Amino acid sequence: MRILPVTGAIALGCTLGWGADWLTDGGNSLRTAWQKDEKILSTSSVKDMKLLWKLKLDNEPRQMHSLFPPLIVERVNTASGPKQIAIDAGVSDNIYAIDVETGTLLWKKHFVSTWTPPANGGRGGGVLCPGGLTATPVVGPAGTAGKYTLYAASWDGMLHQLNVADGEDVAPPSKFMPPNGKPYALNLYNNVIYTHTAQGCGGNPNIVYAYDLATSKVGTWGPSGGGMWGRTGPAISSTGVMYTGTGDGRWDPENGIYGNGIIGVKQNPETKSLDLVDYYGPSNAEWLVKRDLDMQVTPVIFNYKGKELMADAGKECRMYLMDTESIGGDDHRTPLYRSPLLCNEDVNFASAGIWGSLASWEDAKGTRWVLTPIWGPKHSKFKAPVEYGVVKDGAIVAFKVEEKGGKFTLTPAWISRDMNRAEPPVIANGVVFAYGNGEDTDQAYADVGLADTADRRIPGSTHAVLYALDALTGKELWSSGDQIKSWNHWSGLSLANGRVYIATFDSNLYCFGIKK
Amino acid sequence: MVLAKNPVGRSVLVLLIAACIAVAQTADAGVRTQALERIVGAQRQLLLDWAGLTRYGSEDAEIRPPAPGEDRAVFLGDDITENWGTGDAKFFPGKPYFNRGIGRQTTAQMLVRFRQDVIGLKPKVVVILAGTNDLASLMGPVTQGMMAENVMSMTELAKVNGIRVVLASVTPVCDCFKNQTALRPQGKIIGLNGWIKDYAAGSGSVYLDYYSALAEGRNLKRELTGDGLHPNDAGYGVMAPLAEQAIARALGKR
């Protein structure tokens, strides 16, 4: 007779206690962007989503960068009690901690640099090298319940370790990389922080960096051509191999050059150096580099029928499915599956193709899904069983991972409604959250030719629109309409505990959710 | 009738007629808009990629260098080349021949993509079938002199890269199905072919005479075409052995 109340109490306790975190860009080190612990937002409740709060931060945008996707820590022990905290990084070397219940600022940290930046800000002061903090930080548990450490790489190349509760240093800043580079979202795996750089900003080579927290040793490895600029940084497999796409560069592995491909590197546990352990080059790599079609997307890693698979993509607008045991097969040029073109029929290097990162989740029936954003019109020959009108500016495309007779494929399932420059989606409890960023992505113009400048692109940008889609069908369930007043560049979504976060160029952080 | 006699009914009728006209006009405007959008889209595509470099660029990059002893040939041309193999008549099955035809192209466009689509593939022979769209001025007015310079440039590019050249005659047209001779006057085709034949002889190229095999008098044989301009499967059946012979001659095997 007493079993039921006890069971009920346990169930209630579990429900209340099962909070969700979002401690790293892309949700986890595999970069699946799948919030498995979401309980509040669902296909039935999401229609009631509202703007809960909007917070203007004092971060000064640089070029087209402003705020990065926030990290969410569900329960942090602070001096005023446990709090759910959002940590948002700003490009001007700022870190903000926000109480998500109230949408108020708890603390701010500005990294005071000993390095004097050049007058033009970055490599040449252009859009690609904005200077400042460019990598979404990462949060790790600090060993004690309710205590967390934030790891952030500042403009001067130092690694900072802050207490999430109050922003105080928990360790002195330590050298991570040369100043004025352009690192991408940090990934924490087995007490090592990984990132990679691109665009040769600050005159620095494009390199993978691994900071060993136990020894403070930094391991490096470079593809000798091809910056690595996956939006959510590297993805790390279950065996600790760090994968990333390499941007424009020659594919010549015989001579140690790995441009326009995908590389896997692993930390040597003894020396803490990084070693190349696997690589893949698309069979048309020569075409990709000639037409500026970088392999610049953060891969996603997931399990499927006992295998660890990885999907990746590039500006050409093709999907690749790989086995992490050997991503390119014996010849390093044969993935498990290579899709037809999903978009970018015009071979446009600026405003079409796949940009950012991917996502993956598994539904209740055990079907494994892979999702990608696309920019620009859908390819005229690419079809899915379910589509929602003409795709002119971008969309989310969902695939099912399938295996028949030992052959793996990505089978198109649905293509979403049109979105103005669709950005990497996040999946939670059967709902896909995605947004059109509203950014003017053009880099070349009929009147002046190539002019990839913020002065031109900022006035041409509009505003972001956040969408909630049914993850099984792609049907639109909710939209933010015109509630978001600005656009964003190189940011993303975060999601935890019934709240979806999106930051905009004007340094506002928006929090959407269901009002209690 | 009842409606028409009743003042209210008359008003309803007038409104219905007005609505029908409005719907018809709207529908008509919609069709016109769609047609204009298609034209603008095609023009935009042409502006972005006038030479058609994106048509085969990715495929070209995936083709491995020829194996030792491989007699690789590239067929460069327009719609007549591109359509070859799209019907029941396959494009030289089992042969190391690459079709690099692009519909509506002129010699100037082919010249621009010659490096990517021909030289880059490292063939022993290139078969150039071009000129019919120059004659039709599909990309703006073109004279025979302008076209000739493009063909000469392609031939010279091939030669300096060790590629032997087969220059095909422009194929005949007929008005069997619709008027084709207005855009491509038959006399101009004959004149152009005369120049191609002479230039082939003078430049050490092989002249491939499709015209004589496809024509009856000045007309493309009706049974070899579906529209009076493009060969059908039977037409390609006539052309294939001629192309094979020309390639063999270029390779010095005949």
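Small disclaimer: the values here were computed from a predicted structure and weren't measured. In what follows, every chain begins at residue 1, and chains take the letters A, B, ... in the order their sequences are listed.
The stretch residues 342-350 of chain A places Asp346(A), Val347(A) near chain B, each with some heavy atom under 4.5 Å from a heavy atom of that chain.
Atom NZ of Lys290(A) has more than 12 heavy atoms from other residues, nucleotides or ligands within 6.0 Å. Around CD of Gln45(B), the count of heavy atoms belonging to other residues, nucleotides or ligands within 6.0 Å exceeds 12. For CZ of Arg104(B), the number of neighbouring non-hydrogen atoms (other residues, nucleotides, ligands) closer than 6.0 Å is 12 at most. The environment of Asp330(A) atom CG is sparse: at most 12 non-hydrogen atoms of other residues, nucleotides or ligands sit within 6.0 angstrom. Surrounding CG of Asp88(B) are at most 12 heavy atoms belonging to other residues, nucleotides or ligands under 6.0 Å away. Counting non-hydrogen atoms of neighbouring residues, nucleotides and ligands closer than 6.0 angstrom, the CD atom of Glu476(A) exceeds 12 such neighbours. Remark: Lys90(B) NZ is packed, more than 12 non-hydrogen atoms of other residues, nucleotides or ligands lying under 6.0 Å away.
Using a cutoff of 4.0 Å between basic side-chain nitrogens and carboxylate oxygens, Glu62(B) and Arg338(A) are scored as salt-bridged.
The structure places CG of Leu341(A) at 7.0 Å from OG of Ser58(B), a figure rounded to the nearest 0.5 Å.
Of the atoms belonging to Leu53(B), heavy atoms from both backbone and side chain fall under 4.5 Å from chain A.
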